[in-house]
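Index from 1, following the sequence. Computed from a predicted structure; not experimentally measured.
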Amino acid sequence: MTKYGSFPGARPRRLRTTPAMRRMVAETRLHPADLILPAFVREGISEPVEIGAMPGVFQHTRDSLKKAAVEAMEAGVSGIMLFGVPEESKKDALGTAGTDPDGILQVALRDVRAEVGDDLIVMSDLCLDETTDHGHCGVLDAEGRVDNDATLERYAEMAQVQADAGAHVVGPSGMMDGQIGVIRDALDQVGHEDVSILAYAVKYSSAFFGPFREAVGSSLKGDRKTYQQDAANSRESLRELALDLEEGADMVMVKPAGPYLDILAKVADAVEVPVAAYQISGEYAMIEAAAQRGWIDRDAAIMESLTGIKRAGANMILTYWATEVARQL
């Protein structure tokens, strides 16, 4: 005689039986519009230069950057975040290339904005680290420490020239206290009320930034532990977040993404503004390196890592795979 009820009636596996079933019930979906492409433009080169620690990512010429921007736009990517790499001889203690209207980042902003108009959101990294000869994100005092308030004056100037050059969005990444309020005021004073601020509200001092320093030709000696957040801390991220929102941030970011998904989830739960997460250079490099050795399935690992970031609460993801993934989606 057949016995019923001997086996579970609830079988979650029924909803995993086929790719079509899994797709139908998926709780998290990636879309090309979720993605933002970080891109580097280097002064004084005639051909793109591949970054050794980031295979497949290049320091662009002005022309190749315009091409990359168009490709991202055509793939459905929402934005491009530009980082300028000046010639070594143009670096100085104050990072004056960062406020020179003819500095490489400002020139690149004008180039890209002329190419894509308003069809791709053009974003600019607002920080001094690429342009200082000491490699720190701010101005140093007589004892070699980053001077918070002197740095804010430089950030105000940077915001204005970047907006003048065509940035839709500025991304202050230096983690100076009060930077969002000063930048908002500086933009408004010169008629750039419509330029948005993507606040790097939560940015940790991370070992995963290593390849990025090659990408921007960093001159840094030492570390940034006195102004970027300590990896051991969680509550202070919410304090930083609250301060940035109070000062006028339009969007907020958690950086890095993968090692800090718990922080990303807390931030996403706490705010009513769009939340971005930056899948940084070290996260990219680990997957690419492991894939090159045949240790993991590259494409599957990329999609899984991005899905995890989206699942944790990110509305937008900065990733070096943005254009590639957008095409696949």
Side-chain angles (χ1 to χ4, degrees), residues 38-46 48-54 57-62 65 81-110 124-162 164-165 167 170-179 182-183 186 200 203-229 255 280-282:
F40 307 100
V41 57
R42 178 176 166 186
E43 190 171 27
I45 58 174
S46 57
V49 176
E50 188 170 22
I51 299 161
M54 301 175 69
V57 178
F58 294 82
Q59 293 174 324
H60 284 288
T61 66
R62 289 173 61 185
L65 177 66
M81 173 69 80
L82 301 186
F83 297 84
V85 184
E87 293 178 325
E88 199 69 27
S89 62
K90 294 185 179 178
K91 294 182 181 182
D92 60 25
L94 298 177
T96 53
T99 49
D100 180 354
D102 294 321
I104 183 59
L105 180 53
Q106 287 69 254
V107 169
L109 286 167
R110 290 195 291 271
S124 58
D125 178 58
L126 200 165
C127 195
L128 289 171
D129 59 320
E130 293 99 343
T131 58
T132 53
D133 55 12
H134 47 73
H136 278 286
C137 297
V139 178
L140 303 185
D141 63 17
E143 297 181 16
R145 301 171 301 187
V146 175
D147 186 325
N148 191 93
D149 294 0
T151 299
L152 294 182
E153 295 181 17
R154 300 288 296 127
Y155 285 1
E157 294 179 60
M158 290 186 77
Q160 291 173 343
V161 297
Q162 290 178 359
D164 286 343
V170 295
S173 60
M175 292 299 287
M176 296 297 121
D177 295 337
Q179 63 184 15
V182 166
I183 289 167
Y200 285 61
K203 183 178 179 182
Y204 283 89
S205 178
S206 172
F208 293 97
F209 284 125
F212 180 87
R213 295 183 181 176
E214 178 188 347
V216 298
S218 175
S219 302
L220 181 67
K221 302 294 189 294
D223 57 50
R224 300 187 172 113
K225 294 183 182 297
T226 62
Y227 46 99
Q228 293 178 350
Q229 287 179 236
K255 181 179 183 181
I280 66 169
S281 59

Excluding sequence neighbours, so at least two apart, what forms side-chain hydrogen bond (donor to acceptor under 3.5 Å, both in side chains) with [X]?
{"X": "T151", "value": "none"}
{"X": "Q162", "value": "S124"}
{"X": "Q229", "value": "none"}
{"X": "D164", "value": "H192"}

Applying side-chain contact (heavy atoms from CB on, under 4.5 Å), can you list everything that pairs with [X], at least two apart in sequence or on another chain?
{"X": "D141", "result": "E143, R145, D147"}
{"X": "V182", "result": "L152, A156"}
{"X": "E87", "result": "E43, S89, K90"}

For [X] versus [Y], what's the shortest heavy-atom pair and its separation?
{"X": "M175", "Y": "Y200", "answer": "SD-O, 3.1 Å"}
{"X": "I280", "Y": "S206", "answer": "CD1-OG, 4.3 Å"}
{"X": "L128", "Y": "Y155", "answer": "CG-CE1, 4.0 Å"}
{"X": "V170", "Y": "I183", "answer": "CG2-CG2, 4.2 Å"}
{"X": "A108", "Y": "L65", "answer": "CB-CD2, 3.7 Å"}
{"X": "F40", "Y": "I51", "answer": "CD1-CD1, 3.9 Å"}

Should T132 and L94 be marked as a side chain to side chain contact (heavy atoms under 4.5 Å, CB included) after you check the CA-CA gap, both sets of side-chain angles, and the distance that decides it?
CA-CA 6 Å; T132 53; L94 298 177; over 6 Å; no
Under the ring-ring contact (aromatic ring centres under 6.0 Å, His included) test, which residues partner Y204, sequence neighbours left out?
Y260
If you round to the nearest 0.5 Å, how far is SG of C137 from CG of D125?
8.5 Å
Inter-residue atom distance Q179.CD - M158.CE, 0.5 Å rounding
11.0 Å
Do S46 and T61 have side chains that get closer than 4.5 Å, going by heavy atoms?
no
So, does K203 use its side chain to make a donor-acceptor pair with the main chain of S173 at under 3.5 Å?
yes
Taking N148 for its side chain and D177 for its backbone only, find out whether a donor-acceptor pair lies under 3.5 Å.
yes
F58, CZ: over 12 other non-hydrogen atoms inside 6.0 angstrom
yes
Under 3.5 Å donor-acceptor pairs involving side-chain atoms of residues 96-104, not counting sequence neighbours:
unit_1 : atom_1 : unit_2 : atom_2 : d
T96    : OG1    : D92    : OD2    : 2.5
T99    : OG1    : T96    : O      : 3.3
T99    : OG1    : R154   : NH1    : 3.2
T99    : OG1    : R154   : NH2    : 3.2
D100   : OD1    : D102   : N      : 2.8

